[in-house]
2 protein chains.
Amino acid sequence: MDQEVFFQKFVTFATSVHEVTYELTKDIKPNDITPVQYSILEYIAVSQPVTLSQISDCKHISMPNTSRELKKLTEKNLCEKFDVAEDRRKQLIRLSEVGQAMMNEAFHRIGGRFLDRIKDASAEELEEIQRALDVLQSKVFYGDK
Amino acid sequence: MDQEVFFQKFVTFATSVHEVTYELTKDIKPNDITPVQYSILEYIAVSQPVTLSQISDCKHISMPNTSRELKKLTEKNLCEKFDVAEDRRKQLIRLSEVGQAMMNEAFHRIGGRFLDRIKDASAEELEEIQRALDVLQSKVFYGDK
DNA sequence: CCCATTAATTATCATTTGATAACTAAATGG
DNA sequence: CCATTTAGTTATCAAATGATAATTAATGGG
């Protein structure tokens, strides 16, 4: 198949993924935190404990801005900072109990929407979907560094 | 397989897709337009001609804000508005020649990065990738309305 | 023909986000 | 030890984005 067509297919696919993740996650975020703050919390939830630098790198937010947003999140008691014994410049960040509960709730609702989305798939189809996820993850959407 | 694990796999996958599209498109946008403006241009490029309402719906930007951004893009000569004979409230929007050239260039560069990303895949693997894209597109990342 | 709806515009305001400079403190490596 | 690098903070500013209200004009259904 033509490279042009292949690329076209990829673009359509990526657009669909973005749209579906938008649908799955819309109206999930509590009103008292901003979109960027919510995305930081999602990242912490999945990768905790993390350092400020990791958040900055992974979310593509500058250190000063990451520091600022994290300070707000800490003031809202959604996450906590812990000193690292080996390197006292660093801080490890975790969700607080409240923050964890909030994100559990959020993921639970998103998970429900996701299951609803695939509810019509048979067991064989689910197998097929999983293999497809593995293929694309390893051959197209891999991270290189 | 467990639903929890399945969902977990989905989350990881969606995250990878977002990260890879970020990598493919970073530093592509010209400096004289904002991120939102660029994303609007991408949408117009792929779907033209489109109405203002379509842009508003698909990009999840309110009508007033869509109108404002589109006005700026028109002033920069990147797109053009045409009246619709059948319904004089509507306007169809297309890229201007300059805008089209800009987006062609952008897509060309992104396409190059994409091809580089899959350059090590064999012909059979490319077939496999394509089938995987089709499977996921139809069974997971479909749009419903 | 009137009323409700749709499409788009303009103006305005608040908030969020991004960018930069200047700083402290700790580690690391010759 | 001293210089450099790393980790994070604070302050400040500008720009981008989001939200709302009020308006115009055209359409479409009873």
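We name chains A, B, ... by the order of the sequence lines, and we start the count at 1 in each one. These numbers come from a predicted model, not from an experiment.
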For [X], which contact category applies under a 4.0 Å heavy-atom criterion: base, sugar-phosphate, or nothing?
X        : result
Gln54(A) : nothing
Ser56(B) : nothing
Glu86(B) : sugar-phosphate
Thr51(B) : sugar-phosphate
Pro64(B) : base

**OP:** Name the residue closer to the 5' end of DNA chain C, choosing between Arg89(A) and Leu92(B) according to the nucleotide with the nearest heavy atom.
**Re:**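 Residue closer to the 5' terminus by nearest nucleotide: Leu92(B).
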**OP:** Would you mind reporting whether Phe82(B) and Ile93(B) have side-chain heavy atoms less than 4.5 Å apart?
**Re:**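 No, side chains not in contact.
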Between the base of [N] and the side chain of [X], is one N or O donor paired with an acceptor at under 3.5 angstrom?
X        : N       : result
Arg88(A) : dG8(D)  : no
Asn65(A) : dA19(C) : yes
Arg68(A) : dG18(C) : yes

Original post:
Nearest nucleotide by nearest heavy atom, which residue falls closer to the 5' end of DNA chain D, Glu69(B) or Ser62(B)?
Top reply: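 By nearest-heavy-atom nucleotide position, the 5'-most residue is Glu69(B).
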**OP:** Identify whether NZ of Lys or CZ of Arg in Arg117(A) sits under 6.0 Å from the centre of the six-membered ring of Tyr142(B) and within 45° of that ring's axis.
**Re:**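 Pair Arg117(A)/Tyr142(B) counts as cation-pi.
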Original post:
Would you call the rings of Phe13(A) and Phe13(B) parallel, tilted or perpendicular if under 30° counts as parallel and over 60° as perpendicular?
Top reply: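 Perpendicular, since the angle between the ring planes exceeds 60°.
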Starting at atom [atom1] of [X], determine the distance to atom [atom2] of [N], rounded to an integer number of angstrom.
X        : N       : atom1 : atom2 : result
Lys72(A) : dG18(C) : NZ    : C1'   : 12 Å
Tyr38(A) : dT17(C) : OH    : P     : 14 Å
Leu70(A) : dT17(C) : CG    : P     : 14 Å
Asn31(B) : dA19(C) : CG    : C1'   : 13 Å
Ile93(A) : dT9(D)  : CD1   : P     : 7 Å
Leu73(A) : dT17(C) : CG    : P     : 11 Å
Ile33(B) : dA15(D) : CD1   : P     : 17 Å
Met63(A) : dA11(D) : CE    : C1'   : 16 Å

With respect to the phosphate group of [N], does any side-chain polar atom (N or O) of [X] fall under 4.0 Å of OP1 or OP2?
X        : N       : answer
Lys81(A) : dT9(D)  : yes
Gln37(A) : dT16(C) : no
Thr34(A) : dT17(C) : yes
Lys71(A) : dT10(D) : yes

**OP:** Look only at the side chain of Thr15(B) and the backbone of Val11(B), and say whether a donor-acceptor pair between them is shorter than 3.5 Å.
**Re:**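 Yes: the side chain of Thr15(B) pairs with the backbone of Val11(B).
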**OP:** With the side chain of Ser67(A) defined as its heavy atoms from C-beta on, choose the nearest nucleotide among dT9(D), dA26(C), dA8(C).
**Re:**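 The nucleotide sitting nearest to the side chain is dT9(D).
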Original post:
Taking atom types as modelled, is there a side-chain donor on Ser96(B) or Glu80(B) under 3.5 Å from an acceptor on the other?
Top reply: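 On atom types as modelled, these side chains do not qualify, holding no pair under 3.5 Å.
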Original post:
Cut-off 3.5 Å, side chains only: do Gln100(A) and Asn104(A) have a donor facing an acceptor?
Top reply: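 Note: Gln100(A) and Asn104(A) side chains meet the donor-acceptor criterion.
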